[in-house]
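Here's the structure, in structure tokens; my notes come after.
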Number of protein chains: 2
Amino acid sequence: MTENTAKRNVISKPRARFIRETADVRRQALIEATARCLAEKGVAGTSVRAICARAGVSSGLLTHYFEGVDALILATYEDVGARVSAALEQAVEEAGDDPRDQLRACLQANFRAPILDPDLLATWTAFWSLVRTDPHIAAIHAEVYGGTRAQLETLLRTIVPEMPQDRARLAAISLTALVDGLWLEICLDPTTFSAEEAQAMVERAMMLALGQWRGEWVDQSDKP
Amino acid sequence: MTENTAKRNVISKPRARFIRETADVRRQALIEATARCLAEKGVAGTSVRAICARAGVSSGLLTHYFEGVDALILATYEDVGARVSAALEQAVEEAGDDPRDQLRACLQANFRAPILDPDLLATWTAFWSLVRTDPHIAAIHAEVYGGTRAQLETLLRTIVPEMPQDRARLAAISLTALVDGLWLEICLDPTTFSAEEAQAMVERAMMLALGQWRGEWVDQSDKP
DNA sequence: GTTGATGAGAGCCATGGGCTTGTCAGATCC
DNA sequence: GGATCTGACAAGCCCATGGCTCTCATCAAC
């Protein structure tokens, strides 16, 4: 009825239509919007309004589903971390039964989609910059990295059972660091080296860590 | 004279005393204040007011000496980068004449003061998060990292002249990545491994890259 | 003392985060 | 299948903070 609008003394535009979604859908939408904001505009550009505009909801909704923007960023970190872990796990499963293949797959998957993604790095650096100031982020970081290293360590000792515990620990740390460093640099500046070169480098490092590197840097060497 | 204050209709507190400084001193003070802010409170906490409060000057001075806060952050990146480069260079000089010692010193210096510093990491992550959005930061990043890699490459080929060009290039990239990854992780979470272990890891990686690794991971091996 | 640049500090406008208020979608009940 | 009720949701307000500008005080050199 026209009376309905006439009741208001000011002609205001009708409220935007919306569809009710379940809490999970909304939360996920907000998390994905946060990741996209972090990737595109960095931490500084990740505001409540920017996130909600991306998610296609009003800004009041963020507080409705999360404690605040900090809690949302935390949830985003957990989500992105879980997604990366899942991608690595999937790579391991697809590698077959040979633990050596599994290790190689686990390392090299970092240089393929969906992990090799500059947007993901932007999200990650945002989190790194929060680790020092936010204990919650620090706890999740320790958990994620600890898990990755533990997995590597297990694989290493499966492949070479006689490898000493401490040696396996340091090898896992080294491999993780190498992967991180390469991943960081290739995402920051993809012109320096290619993903294939990165995969070759981690494979070489892996074989060296296993003590099973047969070739030398002069592959077509005429030396005996 | 008392007349001087009486002239004003409102009793206002006297303007703070200050000393004139040269442009260089002021710029440097602002740059150092910016680095401290980045380290302590992250990018989000690095505002004009926070920086100027740290530097002990009023907020108007920032615009007086820099185009804006972005330009100041850029200058801070250049400054911090130059300081790190200088520390590495000094380590090389103090290492003597043997290029192998120089290489080792250059790599291991990353895990000693002043480079091994969580505050420095906080500054660095702030910059990483800006590389993707700010072309100026990206240019400086490419310059700094390119320079480091070129230096490593030169040292590698000095030590082992017969090493192929491409092999040296990849070795330099790998060593840089390993150092970066270890440095990142030890600054984020110092409980995972020690600085001495980091130094041992980079030394091992260096020797492996040179093809001069004699020992095996079972040092007290009973194998022939 | 004069002068010119350095510097303090208030103020302006834009944006941020959180909160409140009111509304509408969709489940529930009869 | 309509009335009712619940709570998800939009819109906008409030205050704090951000970057930056403008005005004028102050210092130091001549």
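Residue numbers begin at 1 in each chain, while the letters A, B, ... track the order of the sequences. FYI, side chains are in, hydrogens and waters are out, and symmetry mates aren't considered; it's all heavy atoms of this structure.
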Quiz item: Does B:Gln199 have any side chain to side chain donor-acceptor pair (under 3.5 Å) partners at least two apart in sequence or in another chain, and if so, which?
Solution: none
Quiz item: Measuring from B:Phe18:CZ to B:Arg20:CZ, what's the distance to the nearest 0.5 Å?
Solution: 6.5 Å
Quiz item: With respect to the phosphate group of D:dC9, does any side-chain polar atom (N or O) of A:Tyr65 fall under 4.0 Å of OP1 or OP2?
Solution: yes
Quiz item: Any chance CD of A:Glu21 has more than 12 other-residue heavy atoms, nucleotides or ligands included, within less than 6.0 Å?
Solution: yes
Quiz item: Measuring from A:Phe193:CZ to B:Ser174:OG, what's the distance to the nearest 0.5 Å?
Solution: 8.5 Å
Quiz item: Does D:dC27 have OP1 or OP2 sitting under 4.0 Å from an N or O in the side chain of B:Arg17?
Solution: yes
Self-check item: Carboxylate-amine/guanidinium contact A:Asp24 A:Arg27, below 4.0 Å
Solution: no
Quiz prompt | Rounded distance in Å - CG (A:Leu72) to P (C:dG17) | solution = 11 Å
Exercise. Rounded off to whole Å, could you give me the CD-to-P distance for the A:Glu67 and C:dG17 pair?
Key: 16 Å
Quiz prompt | Whole angstrom value for the distance that separates C1' of D:dT17 from CD1 of B:Ile51 | solution = 14 Å
Self-check item: Sub-4.0 Å heavy-atom contacts from residues 18-35 of chain B onto DNA chain C, ordered by number
Solution: B:Phe18, B:Ile19, B:Arg20, B:Glu21, B:Arg26
Quiz item: At under 4.0 Å, does any side-chain N or O of B:His64 touch on OP1 or OP2 of C:dG7?
Solution: no
Self-check item: D:dG18 phosphate, OP1 or OP2, under 4.0 Å from B:Ser47 side-chain N/O
Solution: yes
Quiz item: C:dA25 P sits how many Å from A:Leu61 CG, rounded?
Solution: 15 Å
Practice problem: State the OG1-CG distance between B:Thr125 and B:Leu130, to the nearest 0.5 angstrom. | Solution: 9.5 Å
Exercise. Would you kindly give the CZ-to-C1' distance between B:Arg49 and C:dG16, to the nearest whole Å?
Key: 14 Å
Practice problem: Provide, to the nearest angstrom, the distance between the CG atom belonging to A:Asp70 and the P atom belonging to C:dG16. | Solution: 15 Å
Practice problem: Figure out the CG/P separation between B:Leu62 and D:dT21, and round it to whole Å. | Solution: 11 Å
Quiz prompt | Check ion pair B:Arg36-B:Asp119 (N to O, under 4.0 angstrom) | solution = no
